[in-house]
Amino acid sequence: MRIATWNVNSITARLPRLLAWLESSGTDVLCVQETKCTAEQFPHEELRAIGYEAAVEATGRWNGVAVVSRVGLADVVHGLPDGPRYEEVAEPRALAATCGPVRVWSVYVPNGREVDHPHFAYKLRWFEALTAAVAGDAAGQRPFAVLGDYNVAPADADVWDTAVFEGATHVTPAERAALAALRGTGLTDVVPRPLKYDHPYTYWDYRQLAFPKNRGMRIDLVYGNAPFAEAVSDAYVDREERKGKGASDHAPVVVDLEV
DNA sequence: ATGCCGTATGTAATACGA
């Protein structure tokens with residue numbers, strides 16, 4: 001089966017490309033981030049018309065996640081259990097579902113903004129809650145993965161220029177320690193192949209020709225438990241989807257599983 | 001060519017992104 005994660009940067013703006021991509025890629029399960037819609041606005045009908053159902057955690061213009069599946073959708077968990085609030089709001093940033101033989105979380109980790117901003121402490125607390133929430137499934141025998149926009153580059157090689165990110169979020173030891181703690185539950189980083197160039201970047205800023213210049217970052221990650229990782233037959237970044245008018249600033253990460 | 005920021009809100013300007 002084919003499973004993927006994609007920060008679509010508004011599912012409304014991306015709907016034509018999303019529908020076309022689901023069909024052309026043959027994706028069975030897609031974890032979506034930044035739907036930027038209300039639950040009522042989510043395009044269930046359009047997805048159903050091409051054979052997919054969806055579970056959605058979304059509240060409006062910010063954040064929002066979903067799991068879109070054509071191989072079943074069960075045992076949905078809405079929101080991150082015991083997750084921190086930001087400015088007293090429980091933001092829609094996580095959703096779990098079981099799709100056929102695989103259980104997944106679709107996550108949109110808080111950005112952090114600046115290292116001395118309250119949003120950064122919120123980001124680290126959010127990772128702690130995620131780690132606690134997934135520990136059971138991570139240690140289990142069923143294929144399980146946490147897929148999404150982690151807003152952390154795991155290593156220096158995962159950003160196009162480390163000098164640009166000195167003192168910035170996404171590359172700090174604290175964020176990378178949070179990733180290590182998450183892996184400590186039994187998860188491994190399923191690193192995709194780049195279809196071009198040397199690094200499997202998944203995000204390129206819209207500005208300053210970042211994509212044509214390949215000034216990217218690998219921040220969309222697939223963390224799978226042992227049964228998941230052992231079933232992986234291929235993984236790649238579909239950079240073709242970052243091209244052209246109407247693209248998201250993130251490309252899908254695609255994983256093929258022998259399950 | 002992959003090409004110089006995009007989205008939602010709301011209808012101008014702002015918040016947000018990383």
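Labels below follow one simple rule: chain letters A, B, ... track the order of the sequence lines, proteins then strands, and each chain is numbered from 1. Below, all heavy atoms of this structure are taken into account, side chains as well, without hydrogens, waters or symmetry copies. Note that the coordinates shown come from a computational prediction; the quantities given were computed from them, not determined experimentally.
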For this session: Rounded to whole angstrom, note down the P distance from B:dC4 over to B:dT9.
Result: 25 Å

Exercise. With sugar-phosphate meaning primed atoms plus P, OP1 and OP2, does A:S248 contact a base, only sugar-phosphate, or nothing at under 4.0 Å between heavy atoms?
Worked result: nothing

Exercise. For A:T169, which contact category applies under a 4.0 Å heavy-atom criterion: base, sugar-phosphate, or nothing?
Worked result: nothing

For this session: Tell me whether the OP1 or OP2 atom of B:dA18 has a side-chain N or O from A:Y108 closer than 4.0 Å.
Result: yes

Exercise. Expressed as a whole number of Å, how far does the P atom of B:dG10 sit from that of B:dC16?
Worked result: 15 Å

Exercise. At under 4.0 Å between heavy atoms, what does A:N9 touch on the DNA or RNA strands: base, sugar-phosphate, or nothing?
Worked result: sugar-phosphate

Exercise. Which part of the nucleic acid, if any, lies within reach of A:R242 when heavy atoms closer than 4.0 Å are counted: base, sugar-phosphate only, or nothing?
Worked result: nothing

Exercise. What is the nucleic acid contact for A:Y197, judged by heavy atoms within less than 4.0 Å: base, sugar-phosphate only, or nothing?
Worked result: base

For this session: Assign A:D149 to base, sugar-phosphate, or nothing according to its heavy-atom contacts below 4.0 angstrom with the strands shown.
Result: sugar-phosphate

Exercise. Out of B:dT2, B:dA18, B:dG6, which has the shortest distance to the side chain of A:H250?
Worked result: B:dA18

Exercise. Between A:R242 and A:F211, is NZ or CZ placed under 6.0 angstrom from the six-membered ring centre and within 45° of the ring axis?
Worked result: yes

For this session: Taking atom C1' in both B:dG6 and B:dA18, compute the distance separating them and give it to the nearest angstrom.
Result: 14 Å

Problem set entry | Below 4.0 Å: OP1/OP2 of B:dC16 and any side-chain N or O of A:R61 | no

For this session: Give A:W62 one of three labels, base, sugar-phosphate or nothing, depending on what nucleic acid heavy atoms sit under 4.0 Å from its own.
Result: base

Exercise. Within this structure, what is the CG-to-C1' distance between A:D205 and B:dT7, rounded to whole angstrom?
Worked result: 14 Å

Seminar exercise, completed: Per nearest nucleotide of DNA chain B, the residue lying toward the 5' end, A:H170 or A:K243, is A:K243

For this session: Among B:dG3, B:dA18, B:dT2, find the nucleotide with the atom closest to the side chain of A:I219.
Result: B:dA18

Exercise. In terms of the nearest nucleotide of DNA chain B, which residue is placed more toward the 5' end: A:P110 or A:G60?
Worked result: A:G60

Exercise. Once you round to the nearest 0.5 Å, how far does CZ of A:R14 lie from CD of A:E34?
Worked result: 10.0 Å

Exercise. How about A:W6 and A:W21: are their ring centres within less than 6.0 Å of each other?
Worked result: yes

For this session: Could you work out the separation of B:dA12 and B:dG17 based on their P atoms and round it to a whole Å?
Result: 26 Å

For this session: Would you name the heavy atoms of A:L182 and A:T185 that are closest together and state the gap between them?
Result: O-OG1, 2.7 Å

Problem set entry | Sugar-phosphate only, base, or nothing, as touched by A:N151 at under 4.0 Å among non-hydrogen atoms | sugar-phosphate

Exercise. So what does A:Y203 hit on the nucleic acid, given a heavy-atom distance under 4.0 Å: a base, only sugar-phosphate, or nothing?
Worked result: sugar-phosphate

For this session: Check whether any side-chain N or O of A:R14 sits under 4.0 Å from OP1 or OP2 of B:dT7, and answer yes or no.
Result: yes

